[in-house]
Amino acid sequence: MHMADALVSPPVAAVMGAASVGVIAYSVYKVKKQSAAPDIAGTLGESDNKKIPLMGVMGAFVFAAQMLNFTIPGTGSSGHICGGMLLAAMLGPYHAFLSMAVVLLLQCLIFADGGLMALGCNIWNMAFYACFAGYFLFYKPIVKNKFSRSRIMLGSVLACMLSLQMGAFSVVLETLASGITELPFAVFAALMQPIHLAIGLVEGVLTGLVLIFVYEARPELLHVSSGKNRLSFGKVVAVFAVLAVIFAGGVSLLASSNPDGLEWSIAKTAGTEELEAEGEAYGKAENIVDKTALLSDYTVDGSEKPAGTSAAGIIGAVLVAALCAGICVPLNIMRKKRLVRNENG
């Protein structure tokens, strides 16, 4: 659902960019507050030392999983998971939103996936609804403190379907507000909503399966106070790290070549998968991405396609892991200094 710059006007890009930056700032505030008082932050006392590697490896896992486009039968379209709900269930909504913002930022700047002007829209559409709306409206009320396989699966499916529907409709509204006449509201919405309903269903099932594995292996990572931890924290982190490498470096080569849900809807509506836009703002944004996109189109420049894609995927996963984990490091340092000051009177 990565929007290109041609789908948004500069005013809409500015408004959505400001909205996303506002949520990022609020999430940083909440993460900082939780770091200062982990016992009352809703994380069941999970230490920052665990949050750092978990945030890094789960960010890398979601990045890698997003490379795996799956075919939507009978449509000629494909989809991929967004991953926000999965992150929210494991990290909490605020850490999850920041992790998603990192993933989308790197995808834009390093891989030229999604436009720079449209970055605010993409963060809002793909991260905000999943990490907050889907999590708080469906997943958390359904699961509550009565964890079970069926509740986890039901909550995951409904939350992912809702968040994808809201994200898809936001894309339609953003193009409408931008005056993209090639994408008339009624026709575009009639294509976007059903295809993303199917994608949301698949993502929900996959998310549920991952969370059930975590629930059975290390329930404390889902904030479950009871239950037996069958795997150590280090082993669970290692499992997701290995899967991230396998997905990014190998399985991604098997991804569907069909256009994703957004590209498919645009093609059905406008007759082309990509729309053109002219203007100074678009040119400047494109120039910036041209300079930063060292792994454009998910490949290493000058490399053969399979090997280049594998290398680019692994490099991207490592970058995401480092940046996601890096968010917590300064907050953890601040927390330790605060504790030392309190102990010293």
Side-chain angles (χ1 to χ4, degrees), residues 1-27 66 77 79-85 97 100-101 103-105 107-109 112-134 137 160-197 199-200 203 259-286 288-289:
M1 203 192 299
H2 294 79
M3 295 180 72
D5 285 344
L7 297 180
V8 296
S9 65
V12 170
V15 170
M16 296 310 299
S20 293
V21 169
V23 180
I24 289 172
Y26 183 70
S27 296
Q66 284 192 15
S77 175
H80 63 74
I81 75 164
C82 286
M85 230 308 297
F97 185 81
M100 284 293 295
V103 170
L104 292 165
L105 177 63
Q107 287 174 334
C108 172
L109 293 179
D113 189 3
L116 182 58
M117 281 180 55
L119 181 59
C121 294
N122 288 328
I123 291 175
W124 189 269
N125 299 340
M126 298 177 66
F128 178 80
Y129 294 120
C131 297
F132 296 106
L137 293 179
C160 288
M161 291 177 69
L162 170 73
S163 60
L164 263 290
Q165 285 296 285
M166 295 179 75
F169 194 60
S170 273
V171 171
V172 177
L173 291 178
E174 287 153 5
T175 57
L176 175 66
S178 297
I180 309 300
T181 56
E182 297 93 334
L183 302 174
F185 176 82
V187 178
F188 194 35
L191 290 165
M192 282 287 287
Q193 301 310 129
I195 197 67
H196 284 92
L197 188 66
I199 294 171
E203 175 172 1
D260 67 19
L262 175 56
E263 294 168 341
W264 177 86
S265 299
I266 293 173
K268 290 289 185 180
T269 307
T272 177
E273 292 178 14
E274 296 183 6
L275 300 178
E276 299 295 331
E278 296 181 358
E280 184 179 358
Y282 297 100
K284 289 182 177 179
E286 184 177 358
I288 292 173
V289 173

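What you are looking at is a predicted structure, and each value in this text was computed from that prediction instead of being measured. We number each residue from 1, following the sequence as shown.
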Where do Ala133 and Met166 come nearest, in terms of heavy atoms and distance?
CB-SD, 3.9 Å
Is there a side-chain contact between Tyr129 and Leu162 in this structure, where contact means two heavy atoms from C-beta onward sitting under 4.5 Å apart?
no
Check: Leu7 and Ile266 side chains under 4.5 Å, non-hydrogen atoms
yes
Rounded distance [0.5 Å steps], CD in Glu286 versus NZ in Lys284
14.0 Å
Smallest separation among heavy atoms of Gly79 and Ile199, with atom names:
CA-CD1, 3.8 Å
Could you check if a side-chain atom of Leu197 sits within less than 4.5 angstrom of a side-chain atom of Leu164, using non-hydrogen atoms only?
no
Does any non-hydrogen side-chain atom of Phe185 lie less than 4.5 Å from one of Leu173?
yes
For His80, is there any backbone N or O sitting under 3.5 Å from a side-chain donor or acceptor partner on Gln66?
no
Can you see whether His2 engages Gln107 through a side-chain donor-acceptor pair at a distance of less than 3.5 angstrom?
yes
Could you state the interatomic distance from CE (Met100) to CE (Met85), rounded to the nearest 0.5 Å?
12.0 Å
Side-chain donor or acceptor of Glu273 paired with backbone N/O of Ala267 under 3.5 Å
no
Donor-acceptor pair, distance only, cut-off 3.5 Å: does the side chain of Asp5 make one with the backbone of Ala118?
yes
Close side-chain approach of Leu262 and Ile195, heavy atoms under 4.5 Å:
no
Polar side-chain atom of Asn122 near backbone of Met3 as donor-acceptor pair, under 3.5 Å
yes
Starting from the C-alpha separation in whole Å, work towards a yes-or-no answer on side-chain hydrogen bond (donor to acceptor under 3.5 Å, both in side chains) for Asn125 and Glu174.
CA-CA 10 Å; Asn125 299 340; Glu174 287 153 5; 2.9 Å; yes
Closest heavy-atom contact between Thr269 and Pro184?
CG2-CD, 3.7 Å
Phe169 CZ to Gln193 CD distance, which is reported to the nearest 0.5 Å:
6.5 Å
Where Trp264 and Pro259 come nearest, the two heavy atoms and their spacing:
N-CB, 4.0 Å
Could you tell me which non-hydrogen atom of Tyr282 sits nearest to which non-hydrogen atom of Val8, and how far apart they are?
OH-O, 2.7 Å
Could you tell me whether the side chain of Glu263 and the main chain of Glu274 form a donor-acceptor pair under 3.5 Å?
no
Side chain to side chain, Ser9 and Val12, heavy atoms closer than 4.5 Å:
yes
Here the pair of heavy atoms bringing Gly84 nearest to Cys131 is O-SG, 3.8 Å
Distance-only, no hydrogens or angles: does the Ser163 side chain make a donor-acceptor pair with backbone N or O of Cys160 under 3.5 Å?
yes
Going by the angle between their ring planes, with limits at 30° and 60°, are Phe128 and Trp124 parallel, tilted or perpendicular?
parallel
Spacing of CG belonging to Leu109 relative to CG belonging to Leu104, to within rounding of 0.5 Å
11.0 Å
